[in-house]
Amino acid sequence: MTTEALPLVSNKVLQRRLIVFACFLVTALTLIPVVMMVLVAFQSDAESMAAKPSFWPSSWHPENLTRAFELVPLGKYLLNTVYFAGGTTLLETVTAALAAYAFARLNFPGRSWLFGIYLATLMIPSQVTLIPQFVLVAKLHGIDTWPGMILPHAFTALGVFLLRQFFLGIPRDYEEAARLDGANRWQAFVRVIVPLAIPAIATLAVFKFIGQWNNLLWPLIISNSDATRTASVGLQVFQDTNGTQWNLLLMAATVTTFPLIILFFLTQRWFVRGITMSGLGGR
């Protein structure tokens, strides 16, 4: 190695170390609130509500977990959240895949205009359509019911856009070969397009599930009883009924956050692969 190449190598090593340090710093800053939440959750009542809070517990109180479940039906809220997030995720992935395939492969009059109008709905804030959705669900007697909670959030233009961009990248030769073998369009979609699009579909499903798991506004408005209240609404009910018991409130928040952490680690491979292969990665 020549002496001229040494500064270049050292600069690359320095840049790599700076990038690693920056990533470590951002990760630490991101995790600080999560760590503080978990630490306060194991504090005593007096320590968590002290005028000068100490985030590290002087004594650990694991019984706070049981107390949090006793004050509100937290287990029921978590199960309701699984129903709500899982139902909306399942319906949106199915409807988005069908609509995206139609926009990507089928030729019909006004396809480009219709797709543009459909995408334009992304510019409308969800708060604007909240009242019309509520009035519609109320007229259909869907208040405090699972159809009333799930169906309004089962169709979004973002999912259609992401899957359409992915479908456009799949060579038509695969589909045409299936058609030559005797498959109809539906069979080609199910047996050829969908298996190739699993990374993109998984990415959409993860995004949708996380978004609906943390959804507060719509479940807060549409649910009136513990039968349909989700975990995010349950935390609000917990604070309204039990005041500022920060240790128990943060214990309940820790319990509701833990499933999302598990979900991310279980789907990390599909998540990264889907971002790389779909339009999210700058393709």
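What's counted below: heavy atoms across the whole structure, side chains too, no hydrogens, waters or symmetry copies. Keep in mind the model is a prediction, meaning the values are calculated, not measured.
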Please report the shortest heavy-atom distance between [X] and [Y], naming the atom on each side.
| X | Y | result |
| --- | --- | --- |
| L235 | A253 | CD2-N, 3.8 Å |
| L91 | L151 | CD1-CD2, 3.9 Å |
| H153 | M149 | CD2-O, 4.0 Å |
| S232 | N215 | OG-O, 2.7 Å |
| G75 | F69 | N-CE2, 3.6 Å |
| A157 | T121 | CB-OG1, 3.6 Å |

Using atom types as modelled and distance alone, determine if a side-chain donor or acceptor of [X] lies under 3.5 Å from a backbone N or O of [Y].
| X | Y | answer |
| --- | --- | --- |
| N64 | L248 | no |
| R179 | A183 | yes |
| T145 | G142 | yes |
| T81 | A231 | yes |

Which value, rounded to the nearest 0.5 Å, describes the distance between [X] atom [atom1] and [Y] atom [atom2]?
| X | Y | atom1 | atom2 | result |
| --- | --- | --- | --- | --- |
| D226 | K76 | CG | NZ | 8.5 Å |
| L249 | M37 | CG | CE | 10.5 Å |
| L163 | F103 | CG | CZ | 12.5 Å |
| W146 | I222 | CH2 | CD1 | 12.0 Å |
| W186 | R191 | CH2 | CZ | 11.5 Å |
| L119 | F161 | CG | CZ | 6.5 Å |

pair [X]-[Y]: side-chain heavy atoms closer than 4.5 Å:
| X | Y | value |
| --- | --- | --- |
| W213 | V82 | yes |
| R229 | V72 | no |
| Y101 | R185 | yes |
| F42 | N247 | no |
| R105 | R172 | yes |
| W218 | Q133 | yes |

Is there a continuous path of hydrophobic side-chain contacts, each under 4.5 Å between heavy atoms, that joins [X] to [Y]?
| X | Y | result |
| --- | --- | --- |
| Y83 | L217 | yes |
| L220 | I143 | no |
| V194 | F166 | yes |
| L263 | Y77 | yes |
| L74 | L260 | yes |

**Prompt:** Run the side-chain contact (heavy atoms from CB on, under 4.5 Å) check on E175 and F189 step by step: do they pass?
**Reply:** CA-CA 8 Å; E175 190 176 0; F189 169 72; over 6 Å; no

**Prompt:** Among L130, L216, V137, I131, which residue meets the side chain to side chain contact (heavy atoms under 4.5 Å, CB included) test with I221?
**Reply:** L130

**Prompt:** Looking at I32, V38, L39, which one forms a side chain to side chain contact (heavy atoms under 4.5 Å, CB included) with M36?
**Reply:**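 That would be I32.
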
**Prompt:** Can you check side-chain contact (heavy atoms from CB on, under 4.5 Å) on V206 and F209, steps first, answer last?
**Reply:** CA-CA 5 Å; V206 171; F209 190 89; 5.9 Å; no

**Non-neighbouring partners of F167 that pass ring-ring contact (aromatic ring centres under 6.0 Å, His included), sequence neighbours left out** =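 ring-ring contact (aromatic ring centres under 6.0 Å, His included) list for F167, sorted by chain: empty.
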
**Request:** Kindly write out the residues that satisfy ring-ring contact (aromatic ring centres under 6.0 Å, His included) with F134, not counting sequence neighbours, or none if the list is empty.
**Result:**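 None.
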
**Message:** Looking at F108, I want to see if its CZ is surrounded by more than 12 non-hydrogen atoms of other residues, nucleotides or ligands under 6.0 Å.
**Reply:** yes

**Asked** For atom CZ of R111, is the number of surrounding heavy atoms from other residues, nucleotides or ligands below 6.0 Å larger than 12?
**Response** yes

**Message:** For S223 and D144, which I'm curious about, is there any donor-acceptor pair between the side chains at under 3.5 Å?
**Reply:**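 The answer is no; no qualifying pair exists.
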
**Item:** Distance-only side-chain donor-acceptor flag, S58 / E47, under 3.5 Å
**Value:** yes

**Prompt:** Going through the checks in order, is the side-chain contact (heavy atoms from CB on, under 4.5 Å) test met by Q212 and F84?
**Reply:** CA-CA 7 Å; Q212 295 306 313; F84 174 61; 3.2 Å; yes

**Request:** Before giving the answer on side-chain contact (heavy atoms from CB on, under 4.5 Å), spell out for T156 and K208 the whole-Å C-alpha distance, their side-chain angles and the decisive distance to 0.1 Å.
**Result:** CA-CA 10 Å; T156 61; K208 183 67 175 181; 3.8 Å; yes

**Asked** Cluster partners of I124, using ILVMFWY side-chain heavy atoms under 4.5 angstrom, listed by chain and number?
**Response**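 Under the 4.5 Å side-chain rule, I124 groups with V128.
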
